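For reference, the structure discussed in these notes is given below.
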There are 2 protein chains.
Amino acid sequence: MDFYAKTGKLALGSRLRRLGQKFLEDGVKIFQLYEVDLDPKWFPVFYCLSQEETLSITEIALKIGQSHASVSQMVKEMKKRDVVTMQKSKSDGRVNKVSLSEKGKAISLKLETQLIDVKSATEELLNESHHSLWKAIEDMEFLLSKENFFKRVLKKRKERESKLVEIIDYDPKYKAVFRDLNHEWITKYFQLELADNQTLDHPETKIIQPGGYICFASYKGEIVGTCALIKMDNGTYELAKMAVSEKARGKNIGWLIGQHIIEKAKGLGAKKVYLESNTILEPAINLYYKLGFKRVVGPPSPYERANIQMELEF
Amino acid sequence: MDFYAKTGKLALGSRLRRLGQKFLEDGVKIFQLYEVDLDPKWFPVFYCLSQEETLSITEIALKIGQSHASVSQMVKEMKKRDVVTMQKSKSDGRVNKVSLSEKGKAISLKLETQLIDVKSATEELLNESHHSLWKAIEDMEFLLSKENFFKRVLKKRKERESKLVEIIDYDPKYKAVFRDLNHEWITKYFQLELADNQTLDHPETKIIQPGGYICFASYKGEIVGTCALIKMDNGTYELAKMAVSEKARGKNIGWLIGQHIIEKAKGLGAKKVYLESNTILEPAINLYYKLGFKRVVGPPSPYERANIQMELEF
DNA sequence: ATAAATTGCGTAAGTACTTACGTAATCATT
DNA sequence: AATGATTACGTAAGTACTTACGCAATTTAT
């Protein structure tokens, strides 16, 4: 199969399914060999019933990990072939109690010798292989239960894209972008306040000249995020005006800007970084925690929207 | 999933398929995430075309290991969505040449970044697991290509059943069985000859009393096979009248009787064992080779059906 | 050169599931 | 006690394949 050689591990899913299919196809022939009058696809249902006497449709479905609809269909066919019997439950008029019929029980005895051979063939196969497929499957199921494949791809995408993000210093030509990026999120959740207009319209005189700092995140040549440090007193800087464009979410930009701005604060000789925010901005608050900020109660803020204050001490 | 815990390795096939399914399900979500306008099931077809420009339906089917019918259906859908173009081949009026359309080529560029992330997620997953699923699959595919699962089960059955076979010595009450078992195969392929009637009707006087030996194979209390040693001169014994009942095939009975009779010959002080047979009885001849017999040219046989002579020297 | 076999393809129908949906029975809440 | 939510089930329809079949076009054998 040329395809697997070329796509390699990309096609892990279909390769697994294909391998499983191979086993199941042989299953059909094996049932014929032992002259067991069962449709191989019934096997899981049949096996459960041979172990537990009486089960409802839903119970079987849960046990074998298929949909109740599928079990319902199979049981219908099995009944037509007199392999099982069905009876409405007296205690609960909804449930349909399924058991093996006499014929089914007879088949189950025959099936036992078949299972002995299938089991030892499987075990031999697993022993012959150098790398244990059985344990590898267990590993994989465990890993996927911790974090499914989709999330893993998401994570990789973030990793890759964050490598394309560059952090650059303030330049007068970005003045408008600085305003727009902040305007975007403030007006989405709150209203522009007087203090906003002053800093957003005059970043150079209000932030940079008093000893502050502004940086930008650029992704594929486009400015998609920004953040500022405003000098306060006693070696404290305020982290403010952090903004990431909606369309650039999922690229770890907040984290990258945040880290950069903290390093910058250290470089400026800061002893701590302070910030104000609002609990409605959940992802932002989580980011601040991840960056090491702790919640504090500080002096009242000039901003109406501020309902949480945080600090990072070096 | 309770079922797998109980049936254990019996359900290897369905467990594999289920695991593969999990990957493929996430595949759908991943395609959405990257906004690639492709049905995930088209992926194998699409991938082949992105590598090779133009391919026929059958070529694609071969590469991806699916039926041509399936590819034909997919290509039809893909054409409806303007992802591929189709053109009858000029050199062969039967073949339908499929290529990516302009739209398809554009998609293929988008797809590339997706594949990068999927690939690194898969690789991380495989590295995280202690037992390598990838290598385990390769092992398993290799082992199955050498001997498929069905044959392995067959082998195990033979092994198990041959343990239930007992070899027992001649007893007058088996006189009729001795005749019947041999009668069964001789009349199936040849005609009864005079020499047959003599030995089959009088085993005691014709075989045992002159220093020969007869044994039987019993399976679950029923006599299903027999074999005789006839004393010749110069420390030679003839292996003759070996017969295994049709319905007891596949239980290794020929091999078990053969080995027993050779040991017996050794015990009787034989220097070699001789036999006559017919090349039409292929499984028998193979058995004799496996038991160590070599082809020889000996004196003419009293049996018309004999066209091959063999010997085993100790 | 002509018949027979093979090949490439498309369509239809089947398979082993799934999701979606409707119905009746039961449980929970007020 | 009435209403709404949940549960168990069956049926219908969809999905992603498969096998079966038929029809041309081509290759091989005679």
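Below, chains carry the letters A, B, ... as their sequence lines are ordered, and counting in each starts from 1. What you see below is based on every heavy atom in this structure, not just the backbone, and it leaves out hydrogens, waters and symmetry mates. Not measured: the values here are computed from a predicted model.
For the pair B:Arg249 (side chain) and B:Val244 (backbone), a donor-acceptor distance under 3.5 Å is present.
No cation-pi contact links A:Lys110 to A:Tyr34, judged by a cut-off of 6.0 Å to the six-membered ring centre and 45° from its axis. Relative to the ring axis of B:Trp134, A:Arg15 places its NZ or CZ within 45° and under 6.0 Å from the centre.
Nearest heavy-atom pair, A:Gly20 versus B:Leu16, reported as atom, atom and distance to 0.1 Å: CA-CB, 3.7 Å. In this structure, B:Val224 and B:Ile253 approach most closely via the heavy-atom pair CG2-CD1, 3.5 Å.
Of the residues in residues 69-80 of chain A, those placing a heavy atom less than 4.0 Å from an atom of DNA chain D are A:Ala69, A:Ser72, A:Gln73, A:Lys76, in numerical order. Within residues 89-99 of chain A, the residues approaching DNA chain D are A:Arg94, A:Val95, A:Asn96, by heavy-atom distance under 4.0 Å.
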Exercise. Please assess A:Glu128 against B:Lys146 for the test salt bridge (charged side-chain N to carboxylate O under 4.0 Å, His left out), listing each intermediate value before the final yes or no.
Key: CA-CA 12 Å; A:Glu128 265 182 49; B:Lys146 280 203 309 187; 5.1 Å; no

Quiz item: Under the side chain to side chain contact (heavy atoms under 4.5 Å, CB included) criterion, do A:Asp117 and A:Thr113 qualify, and how do the steps go?
Solution: CA-CA 7 Å; A:Asp117 296 342; A:Thr113 63; 5.6 Å; no

Self-check item: CA sep, side-chain torsions, deciding dist, call: B:Asp82, B:Ser101, side-chain hydrogen bond (donor to acceptor under 3.5 Å, both in side chains)
Solution: CA-CA 7 Å; B:Asp82 282 328; B:Ser101 66; over 6 Å; no

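Bracketed by its first and final contacts, the part of DNA chain D lying under 4.0 Å from non-hydrogen atoms of chain B reaches from D:dA16 to D:dT26 in 5' to 3' order.
Atom CD1 in B:Ile57 sits about 7 Å away from atom C1' in C:dC9, given to the nearest Å.
By the neighbour-count criterion of 12 heavy atoms within 6.0 Å, atom NZ of B:Lys103 is densely surrounded, having more than that number from other residues, nucleotides or ligands.
With B:Ile137 as reference, B:Glu141 is the one residue of B:Glu141, B:Met140, B:Lys135 to meet the side-chain contact (heavy atoms from CB on, under 4.5 Å) rule.
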